[in-house]
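So the structure is just underneath, and the comments pick up after that.
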2 protein chains.
Amino acid sequence: MTRQRTAVQDELARDSAFRSAQEIHARMRAAGHRIGLTTVYRSLQALADADEVDVLRSDDGEATYRACSAGHHHHLVCRHCGTTVEVEGRAVETWAERVAREHGFVDVAHTVEVFGTCARCVRGAR
Amino acid sequence: MTRQRTAVQDELARDSAFRSAQEIHARMRAAGHRIGLTTVYRSLQALADADEVDVLRSDDGEATYRACSAGHHHHLVCRHCGTTVEVEGRAVETWAERVAREHGFVDVAHTVEVFGTCARCVRGAR
DNA sequence: AGCAGAATGAAAACCGTTGTCGTTTTCGTG
DNA sequence: CACGAAAACGACAACGGTTTTCATTCTGCT
């Protein structure tokens, strides 16, 4: 139920970047954990269902996960190192709401992700 | 080099919804076109590279495509029928820009998708 | 027409993800 | 502490969307 599930959660808590399931699995194994890939997937799914982690699809369709605070928020993601900052934006919320209403849409949801290169990666660049 | 590539583009132009590659392939076959799935994929990729179509990853990781006008814009997508409206929002652009700068990020890009149920699907619902 | 190079597509390879199912662990109860 | 049911685990197989391979076909050029 939760010795390895807790371990997955801990691994996610180690840093603030979006990681793929396989990456997480590899890191855990490297750290000496005895856990199967299947369990990592299931744990991540459970955590996602419980809104304990955010899920993001990368451009190539791979799912990436990240521990996150509860509540509605968006992400500012470094496209090089994956580091993520949680941001919020009232402006976006109201804009999405208004635009949808104007077109007769109801039951509105939205996804917003901002990508860029973080200050550290800029300095570290060749 | 483009009898079937043109055909793919035409198929996309038929309506304003995001369609998966397989869906597009099936529709074309049903319409009497003699085209392979591989070619559909390749055509879509070429069109995407040329910024002739927008690509969107659905929650289950499947890629969906839609003909779109040039230039930066976002989408308001009906989660039932897939119908899409192109929208733009200066408010979002400036917000993304500001938030990124505040955190020292450069070379900023962003994705914004708004989902909802369109007026027609609301009426048609049970 | 003849030819080189690009495009096509059937089938196989890929790869992330999910299902299967026998084994192990956890936990409540006697 | 021992038992037994129920949940979790994990090696492996299966799945499904996408990409690659490679032999064949088509295009545009001379």
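Chain letters run A, B, ... following the sequence lines, proteins first and then strands; every chain starts at 1.
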A:Glu62 side chain, from C-beta outward: closest of D:dT18, C:dG16, C:dG9: C:dG16
Is there a donor in the side chain of B:His72 and an acceptor in the side chain of B:Glu93, or the other way round, less than 3.5 Å apart? yes
Linked, directly or transitively: B:Val85 and B:Phe115 (ILVMFWY side chains, under 4.5 Å): no
Of the listed C:dG16, D:dG17, D:dC26, the closest approach to the B:Arg3 side chain comes from D:dC26
Return the value, rounded to whole Å, for the distance between atom CZ of B:Arg29 and atom P of C:dG9. 8 Å
Nucleotide N/O of nucleotides 22-24 of chain D paired with protein N/O under 3.5 Å:
none

Given atom CG of A:Leu44 and atom P of C:dT18, what is their separation to the nearest angstrom? 10 Å
The nucleotide from C:dG16, C:dT26, C:dA10 with an atom nearest the side chain of B:Thr38 is C:dA10
Counting only heavy atoms not in A:Arg98 (residues, nucleotides, ligands), do more than 12 fall under 6.0 Å from its CZ? yes
I need the CZ-C1' distance between B:Arg5 and D:dT25, as an integer number of Å. 16 Å
Carboxylate-amine/guanidinium contact A:Arg19 A:Glu62, below 4.0 Å: no
Thinking salt bridges, do A:Arg57 and A:Glu113 make one under a 4.0 Å N-O criterion? no
Within this structure, what is the CD-to-P distance between B:Gln45 and D:dG17, rounded to whole angstrom? 17 Å
To the nearest Å, how far apart are B:Gln4 CD and D:dT25 P? 14 Å
Provide, to the nearest angstrom, the distance between the CG atom belonging to B:Leu37 and the P atom belonging to D:dG16. 14 Å
Given atom OH of A:Tyr41 and atom C1' of D:dA13, what is their separation to the nearest angstrom? 15 Å
Just how far is it from atom CZ of A:Arg42 to atom CD of A:Gln4, taken to the nearest 0.5 Å? 10.5 Å
A:His33-A:Glu11 side chain donor-acceptor pair, cut-off 3.5 Å: no
Between C1' of D:dG17 and CG of A:Asp60, the distance in whole Å: 13 Å
